[in-house]
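Numbers restart at 1 for each chain; the letters A, B, ... are given by sequence-line order, proteins then strands.
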Amino acid sequence: MNVPLPRSFYEPTARLVAPRLLGHFLLRNTTQGSGGGAIVETEAYLADDPASHGYAGQTERNRSMYGPPGRAYVYFIYGNHYCLNVSCEREGKAGCVLFRALEPLLGLEEMSHARGMVVQAPRDLPKLASGPGRLAQAVAITRASDNGRDLTSPRSGLWIGTDDFRAKGIVLTLRIGITKAADQPLRYILQGNNFISGRKNVSV
DNA sequence: ATATCGATTATCT
DNA sequence: GATAATCGATATG
């Protein structure tokens with residue numbers, strides 16, 4: 001958990017990186033506090049993918065998707081939420097993995113504070129970081145502060161640490177909330193994990 | 001238990 | 001001007 005995943009980890013296509021990220025740790029360290037947990041749900045957005053923000057070519061918004069692998073791509077959606085991705089593939093190619101859910105394991109106090117909620121019982125824990133908007137809020141992600149951040153360096157305060165939380169298998173399902181290329185199974189979840197977003201997790 | 005709906009704004013057409 | 005990789009609240013069985 002204290003060893004970051006190297007940049008080379010993010011060089012393959014998002015289709016390969018997304019399942020491989022499961023079981024590793026997303027970690028946040030700031031002067032305000034720390035937080036994080038095991039990555040239990042991801043989605044791949046590919047270079048040639050109608051559902052991807054990079055599909056129509058590079059713009060100001062999606063610039064960090066096209067940058068070097070291992071960097072954060074943060075976007076703002078529905079006028080309310082930030083979502084965190086990590087860019088994959090070589091510089092110049094779009095492709096990224098969306099972090100959709102964490103099993104909260106570190107800094108529960110800080111994360112509940114960031115979410116504006118109080119965790120009293122274990123059954124409240126899934127509300128902390130299940131879903132991309134919740135996850136981003138739990139670790140205090142904003143586009144202004146985190147877009148383009150290097151996720152391969154602990155010094156950046158937002159990074160991904162090697163771990164083997166992957167007790168069981170990986171399940172492949174359809175992606176959530178998209179309208180284009182909605183039939184593509186590119187969502188990956190840790191089998192049997194209780195911190196997955198959504199209800200229907202139909203295996204494909 | 002599942003279904004529907006409103007919020008709220010950056011981005012692109 | 002329409003839309004969106006979402007969430008939380010409210011309504012209904």
Completion exercise
Whole-Å distance, A:Ile77 CD1 to B:dC12 C1', equals 12 Å

Handout entry: Donor-acceptor pair, side chain of A:Tyr188 and main chain of A:Leu21, under 3.5 angstrom
Key = no

Problem - Pairing of A:Asp49 and A:Arg175 as salt bridge, 4.0 angstrom limit - result: yes

Completion exercise
Between CD of A:Glu60 and C1' of B:dA10 the distance, given in whole Å, is 12 Å

Practice task
Please tell me which of the listed nucleotides, B:dT9, C:dG8, C:dT6, lies nearest to the side chain of A:Phe76?
Solution key: B:dT9

Practice task
Sort out the partner of C:dA5 for me: Watson-Crick or G-U wobble, both distances under 3.5 Å, none otherwise.
Solution key: none

Completion exercise
Result for 5'-nearest mapping on DNA chain B, choosing between A:Arg143 and A:Gly79, is A:Gly79

Practice task
Answer with base, sugar-phosphate or nothing: what part of the nucleic acid does A:Tyr78 contact at a heavy-atom distance below 4.0 Å?
Solution key: base

Exercise for the section: Just say parallel, tilted or perpendicular for the rings of A:Tyr82 and A:Phe76, cut-offs at 30° and 60°. Expected result: tilted

Exercise for the section: Report the distance from atom OH of A:Tyr55 to atom P of B:dT13, rounded to the nearest whole Å. Expected result: 13 Å

Exercise for the section: Assign A:Arg175 to base, sugar-phosphate, or nothing according to its heavy-atom contacts below 4.0 angstrom with the strands shown. Expected result: nothing

Handout entry: Donor-acceptor pair, side chain of A:Arg134 and main chain of A:Ser130, under 3.5 angstrom
Key = yes

Exercise for the section: Quickly work out the A:Tyr75 OH to B:dC12 P distance and round it to whole Å. Expected result: 14 Å

Fill in the blank from the handout: As its Watson-Crick or G-U partner within any shown strand, both distances under 3.5 Å, B:dT8 has none

Exercise for the section: Mind checking A:Gly133 for me? I need base, sugar-phosphate or nothing, with any heavy atom below 4.0 Å counting as a touch. Expected result: sugar-phosphate

Problem - Any A:Thr179 side-chain nitrogen or oxygen under 4.0 Å from OP1 or OP2 of C:dA4 - result: yes

Practice task
Would you kindly give the NZ-to-P distance between A:Lys180 and B:dT11, to the nearest whole Å?
Solution key: 16 Å

Problem - Ion pair A:Glu43/A:Arg100, N-O distance below 4.0 Å - result: yes

Practice task
Whole angstrom is fine here: how far is it from CZ in A:Arg61 over to C1' in B:dT13?
Solution key: 13 Å

Exercise for the section: Give a yes/no answer on whether the side chain of A:Arg187 brings an N or O atom under 4.0 Å of OP1 or OP2 in C:dA5. Expected result: no

Problem - ILVMFWY network linking A:Phe99 to A:Leu172, side-chain heavy atoms under 4.5 angstrom - result: yes

Handout entry: Between P of C:dT6 and CD of A:Glu41, the distance in whole Å
Key = 10 Å

Handout entry: Nearest listed nucleotide, side chain of A:Asn80, among B:dT8, C:dC7, B:dT11
Key = B:dT8

Exercise for the section: Let me know the distance between NE2 of A:His81 and P of B:dT8, rounded to the nearest Å. Expected result: 11 Å

Exercise for the section: Would you tell me if any nitrogen or oxygen in the side chain of A:His53 comes within less than 4.0 Å of OP1 or OP2 on C:dA5? Expected result: yes

Practice task
Mind checking A:Leu98 for me? I need base, sugar-phosphate or nothing, with any heavy atom below 4.0 Å counting as a touch.
Solution key: base

Completion exercise
Of A:Arg115 and A:Tyr45, the one whose nearest nucleotide on DNA chain C sits closer to the 5' end is A:Tyr45

Practice task
State which of C:dC7, B:dT11, C:dA4 makes the closest approach to the side chain of A:Arg134.
Solution key: C:dC7

